[in-house]
There are 2 protein chains.
Amino acid sequence: MLKKMLDQFQNYLSSKGLRMTGQRELIARTFFENQRHMSTEELHHRVQKISSQVGYATVYRTLKLLSDAGLAAGRSFGDGFTRYEPDNQIEHHDHLICTRCGAIIEFENDRIESLQKSVAGQYRFEVTHHVMELYGICSKCRS
Amino acid sequence: MLKKMLDQFQNYLSSKGLRMTGQRELIARTFFENQRHMSTEELHHRVQKISSQVGYATVYRTLKLLSDAGLAAGRSFGDGFTRYEPDNQIEHHDHLICTRCGAIIEFENDRIESLQKSVAGQYRFEVTHHVMELYGICSKCRS
DNA sequence: TTTTCTATTGACAATGATTTTCATTTTCAG
DNA sequence: CTGAAAATGAAAATCATTGTCAATAGAAAA
């Protein structure tokens with residue numbers, strides 16, 4: 001899975017005449033290996049533990065490349081900064097976000113997806129992607 | 001409708017020991033009178049046309065008050081800044097956003113809403129509010 | 001009306017995430 | 001190897017948003 005993602009990144013870079021460098025591979029690898037919904041800061045921190053001279057700008061730049069390649073997706077959940085998650089463009093999921101402890105739970109529901117498509121159809125609107133986030137209190141915080 | 005909104009704002013301010021000033025009324029009125037999904041910049045611009053010495057900070061502060069009062073809701077649609085829309089807390093709606101021309105279309109669908117609740121229930125999650133945005137190409141841009 | 005207390009305002013500085021700049025280093029095709 | 005083009009890191013620049021603060025205005029009391 002990880003290798004596949006890195007290969008796809010490699011392919012994307014080649015197709016654009018860009019280079020796979022040590023930093024880019026390290027950042028991409030760290031991103032794909034670790035838990036989802038990482039902020040740029042977290043990713044930078046993890047990468048620095050391995051190779052301490054990687055700069056913030058390079059993390060931002062690489063994340064942007066991954067986005068452009070369709071391998072990462074950025075979202076802003078309302079706190080100040082953008083979080084990224086691997087985007088394997090096959091299965092899509094949405095989020096439950098606890099406003100008390102910040103936990104993020106993923107879910108998917110095909111019936112909602114198909115209803116969304118039907119609504120869009122009523123407006124002759126062609127959906128390319130969507131965001132659905134349910135905010136509230138998670139079970140842990142409730143008990 | 002407009003009077004009702006302004007009255008609610010007035011009530012909220014009173015309940016908090018705050019004052020309804022000329023600037024606040026002007027900003028709130030302009031906000032409620034005009035089209036939805038206004039950015040702070042747009043609102044500031046419109047307000048300045050009427051009373052040219054109203055500052056940015058006051059627009060931000062008033063928008064925050066309106067949010068706290070439950071009369072406005074802020075969202076970030078991916079471009080750099082926050083847009084606000086009147087929030088009459090009775091009927092909820094979601095958005096279709098055209099990534100080509102920027103058009104924002106509102107819709108509501110009760111079946112999706114109830115499915116959302118049932119999904120949340122599976123995770124023993126108590127939803128307070130949600131965001132659903134479908135991005136794509138609108139009918140105008142498609143033809 | 002006048003006083004007095006407190007909220008409000010606007011100009012401007014500060015913040016903080018993200019981007020850009022730029023001089024230096026690295027990559028890779030020839 | 002070599003040299004052109006891409007990539008990097010450090011620091012400066014952006015830009016939306018928030019905080020500061022001295023000056024002003026509103027409301028209640030006198």
Side-chain angles (χ1 to χ4, degrees), chain A residues 9-31 37-69 72-84 102, chain B residues 6 9-31 37-69 72-84:
Chain A
F9 189 31
Q10 172 71 270
N11 288 344
Y12 174 80
L13 292 174
S14 302
S15 75
K16 296 284 180 179
L18 304 175
R19 295 162 182 166
M20 173 62 93
T21 65
Q23 289 95 325
R24 282 182 183 164
E25 186 178 334
L26 173 58
I27 293 167
R29 181 184 296 278
T30 307
F31 175 66
H37 311 117
M38 238 187 304
S39 66
T40 313
E41 189 186 14
E42 281 161 19
L43 182 53
H44 178 245
H45 188 250
R46 281 174 196 273
V47 165
Q48 279 222 322
K49 280 201 284 201
I50 298 168
S51 177
S52 59
Q53 78 290 2
V54 175
Y56 250 103
T58 303
V59 175
Y60 273 101
R61 286 188 280 234
T62 305
L63 238 16
K64 180 142 204 311
L65 286 172
L66 287 168
S67 276
D68 294 344
R75 324 189 167 291
S76 58
F77 286 130
D79 43 3
F81 39 73
T82 306
R83 291 169 182 285
Y84 288 84
Chain B
L6 288 176
F9 189 30
Q10 172 72 269
N11 288 343
Y12 174 79
L13 292 173
S14 302
S15 76
K16 296 284 181 180
L18 304 175
R19 297 163 182 164
M20 174 60 94
T21 64
Q23 289 95 324
R24 282 181 182 162
E25 187 179 333
L26 173 59
I27 293 167
R29 180 185 296 279
T30 306
F31 174 66
H37 312 115
M38 238 187 304
S39 66
T40 314
E41 188 186 14
E42 282 162 18
L43 182 52
H44 178 245
H45 188 250
R46 281 174 196 272
V47 165
Q48 280 222 323
K49 279 202 283 200
I50 298 168
S51 177
S52 60
Q53 80 289 1
V54 175
Y56 250 103
T58 303
V59 174
Y60 272 99
R61 287 188 280 235
T62 304
L63 238 17
K64 181 141 203 311
L65 286 173
L66 287 168
S67 276
D68 293 345
R75 325 186 166 292
S76 58
F77 286 128
D79 43 3
F81 38 74
T82 305
R83 292 169 181 284
Y84 287 84

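Residue numbers begin at 1 in each chain, while the letters A, B, ... track the order of the sequences.
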Residues A:M20 and A:Q10: closest non-hydrogen pair is CB-OE1, 3.7 Å
Considering non-hydrogen atoms only, spot the tightest contact between B:R24 and B:T62 and give its length.
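It is CG-OG1, 3.9 Å.
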Establish, from distance only, whether the side-chain atoms of A:S51 and A:Q53 form a donor-acceptor pair under 3.5 Å.
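Yes, A:Q53 and A:S51 have a side-chain donor paired with an acceptor closer than 3.5 Å.
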Interatomic distance, [X] [atom1] vs [N] [atom2] [rounded to whole Å]:
| X | N | atom1 | atom2 | answer |
| --- | --- | --- | --- | --- |
| A:Q53 | C:dT26 | CD | C1' | 13 Å |
| A:E25 | C:dT26 | CD | C1' | 16 Å |
| B:L18 | C:dC5 | CG | P | 20 Å |
| A:Y56 | C:dT20 | OH | P | 18 Å |
| B:M20 | C:dT8 | CE | P | 11 Å |
| A:R61 | C:dT19 | CZ | P | 11 Å |
| B:Q23 | C:dA11 | CD | P | 11 Å |

Side-chain donor/acceptor contact of B:R19 with base of C:dT8 under 3.5 Å:
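It does not, because no donor-acceptor pair links the side chain of B:R19 to the base of C:dT8 below 3.5 Å.
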Taking B:V54's backbone N and O only, do any of them form a donor-acceptor pair with B:Q48's side chain (distance below 3.5 Å, no angle check)?
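Yes, B:Q48 side chain to B:V54 backbone: donor-acceptor pair under 3.5 Å.
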If you pin A:L65 and B:R83 to their nearest nucleotides in DNA chain D, which one's is more 5'?
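In this pair, the answer is A:L65.
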Return no unless some side-chain N or O of B:T21 is found under 4.0 Å from OP1 or OP2 of C:dT8.
no
Quick one: is A:Y60 getting a side-chain N or O under 4.0 Å of the C:dT19 phosphate, OP1 or OP2?
no
Name the nucleic acid region contacted by [X], choosing base, sugar-phosphate or nothing; use a 4.0 angstrom heavy-atom cut-off, strictly under.
| X | value |
| --- | --- |
| B:F81 | sugar-phosphate |
| B:E41 | nothing |
| A:R24 | sugar-phosphate |

Using a 4.5 Å cut-off on heavy atoms from C-beta on, say whether the side chain of B:T40 contacts that of B:Y84.
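Yes. Closest side-chain heavy atoms under 4.5 Å.
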B:M38 side chain near B:R46 side chain, heavy-atom distance below 4.5 Å:
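A side-chain contact exists here, since the closest heavy-atom pair is under 4.5 Å.
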5'-most by nearest nucleotide on DNA chain C - B:G55 or B:G17:
B:G17
Going 5' to 3' along DNA chain D, between which two nucleotides do contacts with chain A fall, using a heavy-atom cut-off of 4.0 Å?
D:dA5 to D:dA10
Taking CD in A:E41 as the centre, count heavy atoms belonging to other residues, nucleotides or ligands within less than 6.0 Å. Is the count above 12?
no
